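Here the structure is laid out as structure tokens; the discussion comes afterwards.
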Amino acid sequence: MTSSAIISHPIKSIADLPVDKTLATALVSSMSEYSDQLHGRRLWLACSGGRDSLALAALCVQLYRQGKLPCLPQLLHVDHGLQSDSQYWAKHVANWAQAQQIPCCILQAQVNGHDEQAARQARYNIMRAHINQDDVLLLAHHADDQAETVLMRLIQGAGVNGLSGMQPWRVQTQGAQRNILWRPWLTIRRANISAYAKRLQLPYIDDPTNDSGDNVRSGLRRDIMPILATYNPNVIDNIARSVQLLSEAQETINAQAMQDMQQTEHTDLQFSSAQRVLNIDALQKLPMYRQRQLLHYWLGQDEPLPPAKQLVDDVLTLSQRDDQDHQTELFWQGRKASYTIRRYRQQLYRMSSEWLSWLKLPLSEQVLPLSSLSLSKNNSADNSFELVTLCSSNDYIWQLRVMGDALLRLLENSTDGVAQQATLKIAPLDRKQRLKTEMAARPQAGKKLYQTLGIPLWLRKSLMVVSINFIKKSEDGSDIQTNIPLLLASPFESWLLSSEQTDKDTDSDAKSKQFAEYIRSELSLK
């Protein structure tokens, strides 16, 4: 049994048939333009079996046999299972590839939904999972596809970035996975590809949903584009030219936004894609149009699609507020992750939901013999150190770098040789616990302490108090419990601590600072 959607030409070898000069020139020119990026990378071709992708596969076979292509791409065909004949389509593509002696892999995809967007997402996900890091995925998108894409984005209210259309070479990231999408035919008209497929008698799959008009793209193709062509027969080429101009304009905007971001981002509080922070005072020094451009650029980092204009407007409004309400938050569901945007004092925070969930993980108390920390196998330039984990997940890890040997030597010199009995205590901050920091004249607790140190609401449960405890003998032989507070640590900052009597004991204060020099808080990706 076969499918009626498959054009009824017999499968035959096309290696020795005439090459289309226009199509070949576009492919070879693009390959030359990106030769440095292509060097050493494995090449795959997304092949639905439709006219465009099968024509691109055929051209690759012809150019490879003629020695004009250094390697054959491997075909990837995705069976979504959405069409009743999809299994026959997959078998047909595999048979055609076998006749051309081109490698082909059939992938099964599970689609969450029934629309074209869901199918597209499933298609890219399964292909991305199959190929390797930094591999190149060759796509047969052409000028007509580009025009339809731009019109779709125009009626959706896209800005310059969206109207720049599809790019011929685009690095795509998904978590730690990084691949390249290569589209060498974006200047080629559909008519050229159709003529080539007809000359070669390619038995391509004519998917009936392509022109059914039951989604935006096919509706534009069937109903709108022919009408636009009556006003100007060069509409496709003109849109392609506009895309190029808009793409160059977007590069200029991005360069300006990147420069502005370097002047406004709070680098000490940045943490990869999990948390990005802007200084509002620096932001407000920019002209209003550059503030909008910067927020658009800043919000869209790490995401394949830009934020909506309404979100940018809402974030701009949040940055302009002069009240003390720190509870307001905005939510954005991006393509790769979801984000919360909040303001604390004069800082704007964009935080991923995964990061905020990590900050809510419970912290536990640890009491470690100081002598055990001196037995570290890690070494820095000057001292051995031990990494003590405070909080960890599959994505993030927060640790203390403790130089045990240095702490022991310093403690022995300060406590008449009782260092071997000393312990390092690391405990979550209790809201009622009173601490004296260098930023306050007297001990503080709770809200007063948070406000003095400028700790945002969402970070207040991720605070750890680090201290040294040891027992000394008094003159009458009784035990004296001694506690030396060292640090209040958060994932991003640490604050020196002292006892409540420190203002009467400057020597103790100096020792606390010395001890704290050998403990560092470190946050990193796993």
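As the structure is a prediction and not an experimental result, all values here were calculated from the model. Because only heavy atoms are used, hydrogens play no part in the values below, and waters and symmetry mates are left out as well, while side chains stay in.
Side chain of Ser35 to backbone of Ser32: a donor-acceptor contact under 3.5 angstrom is found. The main-chain N or O of Gln399 is never found under 3.5 Å from a side-chain atom of Arg520 such that the two would form a donor-acceptor pair. Proximity of a side-chain donor or acceptor of Asn279 to a complementary backbone N or O of Ala282 within less than 3.5 Å is detected. In this structure, the side chain of Asn125 engages the main chain of Gln121 through a donor-acceptor pair within 3.5 Å. Within the 3.5 Å criterion, the main-chain N or O of Ile180 finds no donor-acceptor partner in the side chain of Gln172. Under a 3.5 Å cut-off, the side chain of Thr340 and the backbone N or O of Met351 do not form any donor-acceptor pair.
A donor atom on one side chain and an acceptor atom on the other are not found under 3.5 Å apart for Ser392 and Trp398. If you check the side chains of Asn192 and Arg189, you find no donor sitting under 3.5 Å from an acceptor. Side-chain atoms of Ser86 and Asp79 form a donor-acceptor pair, as typed in the model, at a separation below 3.5 Å.
For the pair Leu278/His266, no side-chain contact is recorded, criterion being any heavy-atom separation below 4.5 Å from C-beta on. Between Ile205 and Val93, the closest side-chain pair of non-hydrogen atoms falls below 4.5 Å.
No option in Trp332, Phe331, Trp298 other than Trp332 meets the ring-ring contact (aromatic ring centres under 6.0 Å, His included) test with Tyr339.
Checked for salt-bridge contact, Glu148 and Arg190 meet the test: a charged N lies under 4.0 Å from a carboxylate O. For Arg350 and Asp302, the salt-bridge test passes: some basic side-chain N is under 4.0 Å from an acidic carboxylate O. Between Asp313 and Arg292 there is a salt bridge, since a side-chain N of the basic residue sits under 4.0 Å from a carboxylate O of the acidic one. We find that Arg65 and Asp16 are not joined by a salt bridge, their nearest charged nitrogen and carboxylate oxygen being 4.0 Å or further apart. Between Glu303 and Lys336 there is no salt bridge, since no side-chain nitrogen of the basic residue lies less than 4.0 Å from a carboxylate oxygen of the acidic one.
For Trp44, the ring-ring contact (aromatic ring centres under 6.0 Å, His included) criterion is met by His130, not counting sequence neighbours. For Arg51, there are no salt bridge (charged side-chain N to carboxylate O under 4.0 Å, His left out) partners, not counting sequence neighbours. Evaluation of the ring-ring contact (aromatic ring centres under 6.0 Å, His included) rule for His9 yields no partner, not counting sequence neighbours.
Ring pair Phe271/Phe492 is perpendicular by interplanar angle, where above 60° counts as perpendicular and below 30° as parallel.
Two rings, from Trp96 and Tyr204, have their centers 6.0 Å or more apart.
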